2 protein chains.
Amino acid sequence: MPEPDTDAGSGPRPGAGGTRPTSRDVARAAGVSQATVSLVLGDKWRGRVSERTARAVRVAAGDLGYRPNLAARSLRLGATRTALLVVPALTHEYFARVYAGAAEVADAHGFGVVLYPSPAGVGPARDPFGSARTAIDGVIASSMAADALAAIGDGGLPLVMLDSDPDVPGGPPTVNLAVADGLRQVTRHLLGLGHRRVAHIAADVDTWTFRVRTEAVTAELAAAGLPPAPRRLSALDVTAARDAAVAALTAPGPRPTALLCDDDILAAGACKGARALGLRIPQDVSVSGFDDLALSSALDPELTTVRLPAESIGRHGMTALLALLAGRPAPPVELPLTLVPRASTASAPRG
Amino acid sequence: MPEPDTDAGSGPRPGAGGTRPTSRDVARAAGVSQATVSLVLGDKWRGRVSERTARAVRVAAGDLGYRPNLAARSLRLGATRTALLVVPALTHEYFARVYAGAAEVADAHGFGVVLYPSPAGVGPARDPFGSARTAIDGVIASSMAADALAAIGDGGLPLVMLDSDPDVPGGPPTVNLAVADGLRQVTRHLLGLGHRRVAHIAADVDTWTFRVRTEAVTAELAAAGLPPAPRRLSALDVTAARDAAVAALTAPGPRPTALLCDDDILAAGACKGARALGLRIPQDVSVSGFDDLALSSALDPELTTVRLPAESIGRHGMTALLALLAGRPAPPVELPLTLVPRASTASAPRG
DNA sequence: CTGTTAGCGCATTCAC
DNA sequence: GTGAATGCGCTAACAG
């Protein structure tokens, strides 16, 4: 046990064991009333409390280690200044970055963000108030499946959707990535390198973001006068992607010269699959990813991929939610994506 | 203003726009008093409320879509049933899994978990109540630097440390990984393959978990009668690790035949470095990681690494915190680690 | 300029 | 077995 810290002059113990100091304690210590304390610490005393008193209050509060009781404040205000960020998988680097962005602007506005990892993307999310049981002022939902939305939206809470279908008529405000454009960029990149036989390794996940990817690839190939890419569905893990890539590369007919993958994880699997068949990347087959995860530059060769402004979408999402909470409208946003060409794609082999 | 309720048979709107129903509304709807509602929904009406009344209450509550106001409940109970999980980096898969484990047992006990990503591991964490401003009953801190702990520990809140020095005298309860043993296993694995010149690519991070790794490697090599491994410090990213590996492999003297890395990320960089020098893995040089991230099997060849029971440590951490909150002691825990031999390590080349 | 008063929604005594 | 009263800590009205 450490000695009690120097109970010399400095006053009562800061965060010590017993009970936490209340605003009344601060008031007593400063020789003022509770209301004054509230005003001073709430930063709304411009012309109502004397400078001297204000300082006294702050000193007393600091001395006592006073922390306002959030529960009481929330109860009184009817708001918690807390937003819930619902993500399909916390394990994914992308969502961590979305969180960081959201938390940043939240913080600047005195808001907090708590995470609710919706179980496995599948099925309607369980009660968000079970796991992240904080009282919540609003919800930001990222990349959610359609039905999962229902469980959330029903909460009657202000809602912002990230990376989700913006064309739902009465739907919530959305902040989106220009996913379609991103895939157009990849497709054009591959076409520009002379690839004519491109296989699409697609994520087997039924969310807007992945549906759009398939459409974009198809449309862009059609625009170039090419037949639709043979498509292989794969779960979002390396092993499944590996198998999908092997299947794509060994299918009857001429072998694809490029594997366009919905995601960096899939691309990692695709690389393994190609190599397992003795194919070199990018000389024999080009592979492209999507997301620009740390993974994409950990691989060898580094992945050509598309950078997603994850923090930015988080920031915009929180900004939109704040607008909603303030009764202002939140116009839809679409953020541009940039192609990051690296070593995993090269000119199509001749023949 | 909505009409007073009960105009149509089915009753008032569930989660509709206006105001949320309170327990008093439920009481009125069920024709009982507020106290009865509280008892029924709090599941403590064993012999105090009649079965019929209880059902009526539950029906009314369901009908109205009643949700207890957490703020009010917390205020009354003096506890929030919420724990704060402090992690140095949310972007890391490991912490996501720790969270999942903690959330699981929390959920089973009616607790919630909110995350606080302590900025960049460096410097004392900023006020945890700024970002995750929920009221908190206790804190679980994972893999924190020593000084960051201070800011947290001062909160006077019950605290459990994960993956941190268990030998601090008056320190908080700890739940630990047998990190030292894990590195001993790796070291022995390499020695068993005939490697005698092992370089250590170490994380340039001053936390307990990494200090222990270095000590364990050193001790194990000494036990085998070998000189200490040449050590290269690297930031926890692929590029830095690549450079460190190149430096290690091109240092004067005989070339190391194995790179023992503190972490899978470092190992990924090490692989790139080795390959950049024209060395094959594992024929020319073996590389080992630590963590068993998804990355480790995305690489080619797959990494020999050590699996960390991340979910388990999260579960144990929450369990310990619950014990603390219940006034019970939380005995220290140490979880075993298992070596996962894969393709990135092989017999030392002769010569 | 400052103090007094009231009430947010809930869980809990204590009467009945 | 049930209802009426009380207070958690805070902030927003008003009164001085």
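Naming convention: chains lettered A, B, ... in sequence-line order (proteins, then strands); numbering from 1 in each chain. Remember, predicted model here, so these are calculated numbers, not experimental data.
- Put simply, B:Ser74 has no side-chain N or O that comes within less than 4.0 Å of OP1 or OP2 on C:dC10.
- The two residues A:Leu325 and A:Asp137 come nearest to each other via the heavy atoms CD2-O, 3.5 Å.
- Atom pair B:Glu51:CD and D:dG1:P shows a separation of 12 Å (rounding to whole Å applied).
- Computed from coordinates, the A:Arg48 CZ to D:dA15 C1' distance equals 14 Å when rounded to whole Å.
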5' to 3', nucleotides 5-10 of chain D under a 4.0 Å protein heavy-atom cut-off (B base, S sugar-phosphate only, - none) gives --BBBB
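- Residue-level contact check: A:Val32 touches the backbone only, with heavy atoms under 4.0 Å from sugar-phosphate atoms and none from bases.
- With rounding to whole Å, B:Arg28 atom CZ is found 19 Å from D:dT2 atom P.
- Counting heavy atoms from C-beta on, the side chains of A:Thr82 and A:Val113 never come closer than 4.5 Å.
- Here the CG-OG1 distance, from B:Leu39 to B:Thr53, works out to 11.0 Å after rounding to the nearest 0.5 Å.
- Projected onto DNA chain C by closest heavy-atom contact, A:Leu39 and B:Thr36 fall at different nucleotides, the more 5' of which corresponds to A:Leu39.
- Note that CG of A:Leu85 and CD1 of A:Ile140 are 6.0 Å apart. Values are rounded to the nearest 0.5 Å.
- The phosphate of C:dT2 (OP1 or OP2) has a side-chain N or O of A:Thr53 nearer than 4.0 angstrom.
- There is no side-chain donor-acceptor pair under 3.5 Å between A:Ser142 and A:Asp163.
- Taking each heavy atom of B:Ala83 and B:Ile136 in turn, the nearest pair found is C-CD1, 4.2 Å.
- Atom CZ of residue B:Arg20 and atom OH of residue B:Tyr66 lie 8.5 Å apart, to the nearest 0.5 angstrom.
- Under the side-chain hydrogen bond (donor to acceptor under 3.5 Å, both in side chains) criterion, A:Ser23 pairs with A:Gln34, not counting sequence neighbours.
- Here the P atom of nucleotide C:dC10 and the CZ atom of B:Arg81 are 17 Å apart, to the nearest Å.
- Using a 4.5 Å heavy-atom threshold, the side chains of B:Ser143 and B:Phe95 count as touching.
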Return one dot-bracket line describing DNA chain D 5' to 3' (Watson-Crick or G-U wobble pairs, both distances under 3.5 Å; ( ) same strand, [ ] crossing, | another strand, . none).
||||||||||||||.|
